[in-house]
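What follows is one structure encoded as structure tokens, with my remarks underneath.
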Amino acid sequence: MTVQSHFRIRGLNSHSAIARSLLTTTAIPWNTHLRELAKQCLFSEALNLYRRMLRSGQSPNAFTFPFVLKSCASLSLSTAGKLLHGHVIKIGCEPEPFVQTSLISMYCKCCLVDNARKVFDENPQSRNLTVCYNALISGYTLNSKFLDGIVLFSKMRETGVAVNSVTMLGLIPRCAEPVYLALGMCFHGFCVKSGLDIDFSIGNCLLTMYVKCGSVQYARSLFDAMPEKGLITWNAMISGYAQNGFATEVLDLYREMKLCGIYLDPVTLVGVLSSCTHLGAHGVGREVEQQVQLCGFDSNPFLKNSLINMYARCGNLVKAREIFDSVLEKSIVSWTGVIGGYGVHGHGEIAVQLFEEMIKTGIRPDKTAFVSIISACSHSGMTDKGLEYFSAMKSKYGLQPGPEHYSCVVDLLGRAGRLKEAKDLINSMQVNPDGAVWGALLNACKIHKNVELAELAFERIIELEPTNIGYYVLLSNIYSDAENLEGVLKVRVMLRERQLKKEPGCSYVELKGKVHMFLAGDKTHSQTADIYGMLDELENSVKQLGGPNGEDHKRRKGEEQLIGEGVHSEKLAIAFGLVNTSPGTEIVVIKNLRACGDCHLFIKLVSKIVDRKFVVRDATRFHHFKDGVCSCRDYW
DNA sequence: ATAGGGTTAG
């Protein structure tokens, strides 16, 4: 076959630069090797090979450049990229559309969008090519120039250049935050109208966009409507649920996925583990660990960190530590996982020790690491140590504290009774405090029974989070403790005026790998009769005991005065646990809201008369109950 | 032999 006929078959112009450059057919073996390296993502090797090629006197041709430019792009080597652009011009293959597209893409990935634009503008024949538009659009959107990307998209449509699915794939992922949801939905509409929505990747992309915008229900309906679901589709839905806190849905979907016979990959299991962490589903977590080994993903660093985190949050610190120790290259995430685990379960000293060790190994703590260490100090009453870290964070590590740090420090000071300092700290904040910051103060006011400051904190809170029912309940409890009935009524009126309803309390217990959920007053569980029977029995025995200070566990607290409701969900969960476990075991209950005072006392008393350990995780902390004692020292 | 995109932890 002659060179000419070859080009006719490929549909290329035989007078083009390719035709000329292809006459140097000796470049072919080099190019083939380069392609292999680029395919395996061995980019620096590819660039080395290119250097060797030049040194050996072989001049590159048009087919050489896409591979080397891609390597530069992947490594973000802008200087080398510009140099290559020079070579392209010298060889004279700049007019070739695919060389141009590679150039545009390279410049975009090196954050030189203006250079990319210049290549685009200076070559009139390529300006009508979909691929060039696509490269530039995704370049704009990746460089936070979303608006320019949209403008280019409109221009594409005006000038009649064909839009394909890759165009949309450059635009849709950038709509993955709530402010752009409306725009994303327009793109979705466009895809449907132009028939692009049947594209597999577009579906995945839209799905991800919806979950990142928090529209989980919408994402689910899209998921259900997708005729063909691939691994990425399942993963996107699973991690979408996980990121939005829909933990039980994750486990259901994971089961369904396995039933459908879909192969799992590490991404799937990371999502599932994240939900186990949220749910405290220790047993399911262990199952996932077996799955990890079964699939041979043992060495995946993401998964190792997820496992550390899951075990640490579920209270299995031994196992968390074991995996942590087995990680050879411990990242900041691995460290933060164990530190947070020890902290949240009340072993502040160990958390501090580990934190210091981490710094010694040369890892610089980041913002999240400081959140875990400061809150670890707060859980263990190490007030001054916590303050020390807070100040080191700013002065020694130059990290600007965010509201999440301030809420930890306010909690730290507040629990120690240093309410005035806590309040002054909030007033001195550089960033705007969020609800959690004032909430920590409100919580401290409850512990130290300070109604006046509580009212002030509450005023700020409802400006920031007017619909967060938890704070109304907290204030009502403070009034109730102070026997201020007028205050309790005031809160009740506020709730009615704002038409707020209390978020239903719910608790989970995990048993034999299945998660059982109870709502307040729930009678839907298949063992309802046994559960309520057990509860009656417990209440009777507990009544005879009285509290440690002669308290009656049935005193009415503000929460129940505020909203009359059925049996609290954590009581149901505890009773369920007792029905289904044998003596000596540990029952772990997870509650979505804060544990109520009544239940806390009740569980404390129950732990005195039955041979079980109880762990209750509520919205703010862990409570470990055994033999009539709870690990939390400041509550009730 | 050639370019453009979607899922991962604290």
Side-chain angles (χ1 to χ4, degrees), chain A residues 6 10 12 18 22 25 27-36 38-39 61-67 69-70 73 93 96-106 108-109 126 129-139 141-142 164-174 176 199-209 211-212 230-240 242-243 265-274 277 297 300-310 312-313 331-341 343-344 365-372:
Chain A
H6 176 76
R10 310 285 307 163
L12 291 174
I18 292 186
L22 240 195
T25 47
I28 294 177
W30 293 94
N31 292 351
T32 312
H33 198 174
L34 278 171
R35 188 191 53 185
E36 279 313 307
K39 208 163 147 192
N61 65 21
F63 287 130
T64 316
F65 290 109
F67 307 124
L69 285 169
K70 191 186 174 160
C93 54
E96 289 311 326
F98 54 81
V99 174
Q100 264 169 54
T101 315
S102 299
L103 279 170
I104 292 172
S105 167
M106 179 275 294
C108 290
K109 295 220 169 99
S126 299
L129 283 176
T130 303
V131 275
C132 284
Y133 271 97
N134 290 353
L136 196 54
I137 286 177
S138 79
T141 57
L142 284 173
N164 64 15
S165 52
V166 183
T167 319
M168 301 317 292
L169 290 170
L171 292 164
I172 297 169
R174 254 44 74 182
D199 187 304
F200 202 54
S201 323
I202 292 275
N204 294 337
C205 221
L206 287 167
L207 185 59
T208 308
M209 177 196 83
V211 292
K212 292 242 165 96
L231 176 62
I232 292 183
T233 320
W234 286 89
N235 285 351
M237 196 64 235
I238 285 181
S239 38
Q243 281 156 21
D265 77 348
V267 181
T268 323
L269 298 176
V270 165
V272 178
L273 280 173
S274 150
T277 309
F297 300 150
N300 183 299
F302 274 84
L303 270 173
K304 282 210 172 190
N305 288 338
S306 298
L307 281 169
I308 291 172
N309 221 7
M310 183 275 295
R313 303 296 296 201
S331 75
I332 179 90
V333 181
S334 336
W335 284 97
T336 311
V338 272
I339 291 170
V344 90
D366 65 1
K367 287 190 170 193
T368 320
F370 276 108
V371 170
S372 7

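Because only heavy atoms are used, hydrogens play no part in the values below, and waters and symmetry mates are left out as well, while side chains stay in. Each chain gets a letter, A, B and so on, in the order the sequences are listed, and its residues count up from 1. Everything numeric here is computed off the predicted structure, so don't read it as measured data.
- Comparing B:dG6, B:dA9, B:dT7 against the side chain of A:R174 picks out B:dG6 as the nearest.
- For the residue pair A:S105 / A:S102, no side-chain donor-acceptor distance below 3.5 Å is found, with atom types taken as modelled.
- For the 3.5 Å distance criterion, the side chains of A:N134 and A:N164 qualify, holding a donor opposite an acceptor.
- One atom, CG of A:L103, and another, C1' of B:dG4, lie 14 Å apart when rounded to the nearest Å.
- Taking only side-chain atoms of A:N61, from C-beta outward, the nucleotide of B:dT7, B:dA1, B:dG10 with the closest atom is B:dA1.
- Checked by atom type, the side-chain pair A:D265/A:T268 shows a donor-acceptor distance below 3.5 Å.
- Rounding to whole angstrom units, CZ of residue A:R35 and C1' of B:dA1 are separated by 5 Å.
- Ranking B:dG4, B:dA3, B:dA9 by closeness to the A:V333 side chain, first place goes to B:dA9.
- Listed nucleotides B:dG4, B:dT7, B:dA9 differ in distance to A:V131; the shortest reach to its side chain belongs to B:dG4.
- Between the CG atom of A:N309 and the C1' atom of B:dA9 there is a distance of 7 Å, given to the nearest Å.
- A:N300 comes within 4.0 angstrom of nothing in the nucleic acid, heavy atoms only.
- For A:T336, taking side-chain heavy atoms from C-beta onward, the closest of the listed nucleotides B:dT7, B:dG10, B:dA9 is B:dG10.
- Among the atoms of the strands shown, base atoms are found under 4.0 Å from some heavy atom of A:I332.
- Considering only side-chain atoms of A:P66, the nucleotide from B:dG6, B:dA3, B:dT8 that sits closest is B:dA3.
- One atom, CZ of A:F65, and another, C1' of B:dA3, lie 15 Å apart when rounded to the nearest Å.
- Contact check for A:I339 versus A:T336: no side-chain heavy atoms found under the 4.5 Å cut-off.
- Here the nucleotide nearest the side chain of A:Q243, chosen from B:dG4, B:dT8, B:dG6, is B:dT8.
- We find that CG of A:L307 is positioned 14 Å from C1' of B:dG10, with the value rounded to whole Å.
- If you check B:dA1, B:dG4, B:dT8 against the side chain of A:F63, the one that comes closest is B:dA1.
- The side chain of A:S138 contributes no N or O atom lying less than 4.0 Å from OP1 or OP2 of B:dG4.
- Side chains of A:S239 and A:Q243 form a contact here, defined as non-hydrogen atoms less than 4.5 Å apart.
- Counting non-hydrogen atoms under 4.0 angstrom, A:F200 reaches a base of the nucleic acid.
- Backbone-only engagement by A:K109 is indicated by non-hydrogen atom pairs under 4.0 Å involving sugar-phosphate atoms exclusively.
- Among B:dG10, B:dT7, B:dA9, the nucleotide with an atom closest to any side-chain atom of A:N305 is B:dA9.
- Distance, A:I137 CD1 to B:dG6 C1': 17 Å, rounded to whole Å.
- For A:K109, there are no side chain to side chain donor-acceptor pair (under 3.5 Å) partners two or more places apart in sequence or in a different chain.
- For A:N235 and B:dA9, the CG to C1' distance is 14 Å, given to the nearest whole Å.
- Atom P of nucleotide B:dT7 and atom CH2 of A:W234 are separated by 19 Å, given to the nearest angstrom.
- When each of B:dT8, B:dG4, B:dG6 is scored by its nearest atom to the side-chain atoms of A:P173, the top-ranked nucleotide is B:dG6.
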